[in-house]
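Below you'll find the structure, written out as structure tokens, and then a few comments.
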Amino acid sequence: MSDEPAHAPVGTVVEALPSGLYRVRLGDGPLVTAHVADRVDRNFVRVLVGDRVRVELSPVDPGRGRIVEKVRG
């Protein structure tokens with residue numbers, strides 16, 4: 001079993017919003033409002049504008065998501 005979520009597209013952080021939220025443009029175009037997952041936040045990963053991140057999308061609201069990892073490279 002993989003620990004990686006089933007549907008977690010890669011996107012680029014476009015804007016840092018208040019309250020720890022980020023606006024992320026996914027590779028295929030749409031904008032998603034996302035927050036940093038507890039697992040990432042615990043390891044003191046700093047997310048900046050322009051970083052590539054993997055976002056796990058909410059099944060209820062596809063416009064919201066959770067940043068699960070910072071993609072290198």
Notebook entry, point to check: When you measure from the side chain of Lys70 to the backbone N and O of Arg46, does any donor-acceptor pair fall under 3.5 Å?
Noted result: yes
Would you list the atom pairs, donor with acceptor, under 3.5 Å between side chains in residues 59-67 and any protein atom, with sequence neighbours excluded?
{"unit_1": "Asp61", "atom_1": "OD1", "unit_2": "Gly63", "atom_2": "N", "d": "3.1"}
{"unit_1": "Arg66", "atom_1": "NH1", "unit_2": "Glu56", "atom_2": "OE2", "d": "3.1"}

Next item on the list: For Val36 and Val45, run side-chain contact (heavy atoms from CB on, under 4.5 Å): C-alpha distance rounded to whole Å, both residues' side-chain angles, the deciding distance at 0.1 Å, then the answer.
Entry: CA-CA 9 Å; Val36 177; Val45 174; over 6 Å; no
Margin query: When you compare the side chain of Val53 with that of Val71, does any pair of heavy atoms fall below 4.5 Å?
Written below: no
Next item on the list: Linking directly or through intermediates, with side-chain heavy atoms under 4.5 Å: list the remaining ILVMFWY members grouped with Leu17, chain and number order.
Entry: Leu21
Next item on the list: Any chance you could measure Leu26, atom CG, to Leu57, atom CG, to the nearest 0.5 Å?
Entry: 6.0 Å
Next item on the list: Could you go through the side-chain contact (heavy atoms from CB on, under 4.5 Å) check for Asp51 and Thr12 one step at a time?
Entry: CA-CA 6 Å; Asp51 286 347; Thr12 305; over 6 Å; no
Margin query: Taking side-chain contact (heavy atoms from CB on, under 4.5 Å) as the definition, give me every residue that meets it alongside Leu31, ordered by chain and number, with sequence neighbours left out.
Written below: Val14, Arg23, Arg25
Next item on the list: Please name all residues satisfying salt bridge (Lys or Arg N to Asp or Glu O under 4.0 Å) with Arg52, sequence neighbours left out, ordered by chain then number.
Entry: none
Notebook entry, point to check: Which pair of heavy atoms, one from Ala34 and one from Val55, lies closest together, and at what distance?
Noted result: CB-CG1, 4.4 Å
Notebook entry, point to check: What distance do Leu48 atom CG and Tyr22 atom OH have between them, rounded to the nearest 0.5 Å?
Noted result: 7.5 Å
